[in-house]
Amino acid sequence: MKRDKHEKLMDLAKRRGFIWPSFELYGGVGGFYDFGPLGSVLKEKIIRKWREYYVIREGFFEIDSPSILPEEVLKASGHVDHFIDLMTECQKCGTPFRVVDVIKEVTGEDIEGMPREEVQKFMDEKHVRCPDCGGELGSIFEFNAMFRTMIGPGTKRIGYLRPETAQTIFIDFKRLHRYARGKIPFGIVQIGRGFRNEISPRQGIIRLREFTMAEAEVFFDPQDPHHPKFSNVAGKKIRLWLASDQEKGKTETMEIKAEQAVKNGIVCNELMAYYIVLTKHFLIDLGIPEGAIRFRQQTPGQRAHYSSETWDAEVLTERFGWVEVAGLAYRTDYDLRRHSEFSGEDLSVFLPEERRKVICHVIEPSYGIDRTFYCVLEHSFVQEGNRTYLKLKRELAPIEAGVFPLLNRDGLPEKAITVLESLRLKGFHVEYDESGSIGRRYARADEVGTPYCVTIDHQTLEDDTVTIRDRDTTAQVRVKIEELPKALNLLLREGAALQDVGVPMGL
RNA sequence: GCGGCCGUAGUCUAGCCUGGUCUAGGACUCAGGCCCUCCAAGCCUGAAGCGCGGGUUCAAAUCCCGCCGGCCGCACCA
C-alpha cells in the first residue's frame, strides 16, 4: 500500500519531535496533541509572525486573560444556548436530532427554555417519534460542546473553558477603549487556548479539543467601515467562493480585486476586504502557495450565531482537501450589545466630533494556529528522490543552523564546539552533530528544515574559515568565523542570498 | 455517537486464519566505536516492541469479550 504524504509527514513529525498524540502512555485521548521540542518552536515562530502582522503592523493591542469563563459571560455571548444542546437519536434509523428541533417539527410547540427534567416527560407524553422514519427516539442526552467546570468549592459557580478567546476582549472593552485613548477603529488581539469538546475529533491536529487560536477584534463605527491603509490592498486580488455558488453546487471560485469585491457588495465592507487580503499575505508569508489559498463565504446556515457574514480562509491540503485555517466574521455589534444588556453596563462609545453615541461593530479575523501549523508543515514537505526535507521559510525553521565537524578527528570536533558556543552566545538556535557521516548529518538537518549547516573542515584549522551550506540547493560558501554571526544574521533575518555572504565553493 | 476496517520497537513491517522452538524475525532509525577530506556508503557493538484489561487453554502476539486509540463513511464542526 502506498503511503501518502500525510502519513510520511506524520511519521516525520512524531519521530523528529514536532507533534504526537497526547497521553500515549495511558492509551491516548482523542483530540489532544503534544508539541515536541521542534514543534513548540515552530508554533512559536508562526505566532511571532502573526504578531508581526497584527500587533506590530496593524498596531493592535494584545491582552492575555483567563481560559475559564464564568457562566454569565457565555450566557450573554449566546454560547450557552448555542453550544449546549439536548440531543436524541432515532433508534431505528440512527439520525440524531436536537430535541428542541424535533419537538417543534413534530408537535409545533416551542419548548426552548424548558427545564431539562421536564423535557423527557414532555417527549414521552406527546409520543414524539422520528420525523424521518417514524422510529422510536432514544432517551435524551446532553451534548455539550463546552467543557464545564466548577469555580471555587461547591457547585454554585459554574464555569466553562472558553470556546473562543474573543469574549474577554468584549468584556474588557471599556478599559481597552480608554487604553486606545478613545479613538476608533482600534483592534485588540488575544492568542491563547480555546476548548471545544468535539464529538469525534479526527484528522490529527485539524480538529482538536484543546487548540491554540489567535484572534483579533477590530472595533469600528458601522457608518465608517474604512481601513486607513485600504489603498495598499485595494488592487490586490482575492480568490472567493461565494455562498450562493456553493448552494447551487458550483465549485468554481472567482478572482477579484479587493476594491471591486467591496464595490460589488460581495464583501460587506472595506475592513473585511482588508483583512481578507492581510490573511492571504500572512499565509503566503508562512510558505503556503498562493494557489492553495481561497476564501469561502459561509452559507447562512453555517454561520455562527453572532455573525452576519463570515469568510473562511482555506488552505488546500493533500489529505484533507480544503482546510479552514482562519475565519473572518462580521460580528456586528452583537457581542457588545449582548454584554451591555446582560451586565447593565453601557458599552457604547461617544464620538465627540459627530456628537453621537454608537455601539462599535466588530470584524474578527480568527486563526487556528494548530491547523495553520499543519498546513505549513504539509506545504513545506518535499521529497526528491531519496531526499526528504522541510522547505520551511528560514525565519520559521526551529533550528536555525547545524554546526558539524567534517570529520570526527584532528581537532575538528573541538573547533566545531567553540564555533557552536560562540553562535549560541549571539542568540542563534544552533545544534551540533558529529554522529555518522557528514552526509547523514546534512540529511538529518534537512529533514527538520534547518536552513543552513556550518561545517568545520581542515581549512578551518589553517585560516579560520568555515563553510555554510544551503538546505535547498546544497550549495556552499566559505566565510570567516568572525563574520559568521553577521552572515547568518543576513541569511536568517534579512533574507540575503547565500552567495552574498561568502565565497562560493566549487565542489 | 452509529457502521465498517485496523492496532507488533522511534518508523515501516513478518508472524495471527490453522494457538506450542516466537527466547517475536527483518528493514530503516537511534546510541557507542572503526573507517572516512562534503551530501543518508561500509563494518562491529548496543538500545528498543505484541495498545490496555479480563476470559478460554497445560500453553495466547495468535481465539473470545470489554475499554482505549487510529483510519474510512454517516452525523457533528455553531
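Keep in mind that the numbers below use all heavy atoms, side chains included, and drop hydrogens, waters and symmetry copies. Chain letters run A, B, ... following the sequence lines, proteins first, then strands; residues in each count from 1.
The side chain of A:Arg440 places an N or O atom within less than 4.0 Å of a non-bridging phosphate oxygen (OP1 or OP2) of B:rC30. Between A:Arg319 and B:rC72 there is a side-chain N or O to OP1 or OP2 distance below 4.0 Å.
In this structure, A:His458 reaches the bases: a heavy-atom distance under 4.0 Å links it to at least one base atom across the strands shown. Heavy atoms of A:Ser22 sit nowhere under 4.0 angstrom from any nucleic acid atom.
When the P atom of B:rC30 is taken as reference, atom CZ of A:Arg16 falls 8 Å away, rounded to whole Å. As a whole-Å value, the separation of A:Asn197 CG from B:rG1 C1' is 13 Å.
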Between the protein and nucleotides 45-52 of chain B, which nitrogen or oxygen pairs come in under 3.5 angstrom?
none

Interface polar pairs with nucleotides 31-36 of chain B, N/O, under 3.5 angstrom:
| unit_1 | atom_1 | unit_2 | atom_2 | d |
| --- | --- | --- | --- | --- |
| B:rA31 | OP2 | A:Ser435 | OG | 3.1 |
| B:rC36 | OP2 | A:Arg409 | NH1 | 3.2 |

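Residues forming a salt bridge (Lys or Arg N to Asp or Glu O under 4.0 Å) with A:Glu314 (at least two apart in sequence, or on another chain): A:Arg294, A:Arg296. For A:Asp34, there are no salt bridge (Lys or Arg N to Asp or Glu O under 4.0 Å) partners, not counting sequence neighbours.
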Convert the base pairs of RNA chain B into dot-bracket notation, remembering that pairs crossing earlier ones are written with [ ] and that bases paired across to another strand are shown as |; include only Watson-Crick or G-U pairs under 3.5 Å.
(((((((..((((......[....)))).(((((.......)))))....(((((..]....))))))))))))....

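Residues from residues 462-469 of chain A with heavy atoms under 4.0 angstrom of RNA chain B, sorted by number: A:Thr467, A:Arg469.
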